[in-house]
Amino acid sequence: MRIATWNVNSLNARLQRVEEWLEYAQPDVLCMQETKMSDEAFPALDYAALGYDTIHVGQGQWNGVAILSRVGVENVYTNFADGQPPDEEARLVTADCGGVTITCVYVPNGRSPDHDHFQYKLAWLDRLYDHLNEVSSPDQDVIITGDFNIAPEDIDVWDPKVLEGATHGTVEERGKLERLLDWGLIDIFRQCHDADGLFSWWDYRGGSFHKREGMRIDLVLGSKSVADATRFALIDRNARKGKLPSDHTPVLIDVDRAA
DNA sequence: ATGGTCGTCCAACGA
């Protein structure tokens, strides 16, 4: 079973790139973030024609997450299941796909460490922890994947100096991520690759992609059973090349399963 | 050689 995540930075702007990628990468599940689209505009029929069931959680021009699956979509949650008032932004969707409880997340960016949005980000990550406990347990097949807007370690950034005074690598953010890992999750790409310089996002500005100046902020976290069954993990840099790319590129894993 | 912000929508602002 092949599971992928991709922040598409506007699905409308990326329709063709996504369809091309589905056809050659053949994921069984694709989690998308930043669709920036209403549910009415989501091209569910186009994906159905390619064999995918879909669930989209959109709010119009900002945020928006989706799961495409050709191994089923069951037990859907379109917001936190922590019993608190729903998050007003479309940043989370959970579904069981092929026996795996998959949560697709678009973690708030944080903007800057002294911004209110940074506190929203930290609180959001605590809610994600509670959500995971509500919808799953670490002894099951669990995946949480998406744009975390956190670089787990300094080797996940082209130059750690850019993290000074900025978001994405603070002690607070990494602490929240560590808490998720301590729940019983493994950073599957990092389990498969120990090299530095392996990134999933590059700024559009200044030719960052060609200078290899990026960050690994798109993560696939899996429970132990998923991690043990993973054959390999890959960042598809090719999807960041060519015409009209997203600033993020897909990350995928292959897991040994019946599907 | 490659590519030089982009996407939301027309003014900035978010990423």
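Quantities reported herein were computed from a predicted structural model and do not represent experimental measurements. Chain A is the first sequence line, chain B the second, and so forth, proteins listed ahead of strands; every chain is numbered from 1.
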Kindly state which residues belonging to residues 211-220 of chain A come within less than 4.0 angstrom of DNA chain B, counting heavy atoms of the residue only, listed by number. none
Could you work out the separation of B:dA11 and B:dC6 based on their C1' atoms and round it to a whole Å? 15 Å
Return the set of residues passing side chain to side chain contact (heavy atoms under 4.5 Å, CB included) with A:S208 (not counting sequence neighbours), or none when no residue passes. A:W202, A:D203, A:E213
For atom OH of A:Y120 and atom P of B:dG14, their distance in whole Å: 14 Å
Other ILVMFWY residues reachable from A:L45 by side-chain steps of under 4.5 Å: none
Is there any salt bridge (Lys or Arg N to Asp or Glu O under 4.0 Å) pair reaching into residues 90-108 of chain A, and which pairs are they, with sequence neighbours excluded? A:E89-A:R91
Sequence neighbours excluded, the answer for side chain to side chain contact (heavy atoms under 4.5 Å, CB included) partners of A:S10 is A:N12, A:A13, A:K36
Side-chain heavy atoms of A:L181 within contact of A:L221, under 4.5 Å: yes
For A:F189, check ring-ring contact (aromatic ring centres under 6.0 Å, His included) against everything at least two apart and list the hits. A:H193
Reading 5' to 3' through nucleotides 2-11 of chain B, protein heavy-atom contacts under 4.0 Å coded B for base, S for sugar-phosphate only, - for none: SSSBSBSS--
Can you check the distance between B:dA15 and B:dC9, where both ends of the measurement are the P atom (answer in whole Å)? 15 Å
Please enumerate all residues that pass side chain to side chain contact (heavy atoms under 4.5 Å, CB included) together with A:I155, with sequence neighbours excluded. A:E153, A:R190, A:D196
Distance between the C1' atoms of B:dG3 and B:dT8, in whole angstroms? 24 Å
Which whole number of Å gives the distance between the C1' atom of B:dA1 and that of B:dG7? 28 Å
Gap between atoms CD and C1', on A:E34 and B:dG14 respectively (whole Å): 9 Å
Salt bridge (Lys or Arg N to Asp or Glu O under 4.0 Å): which pairs involve residues 114-126 of chain A, sequence neighbours left out? A:K121-A:E173, A:D126-A:K176, A:D126-A:R179
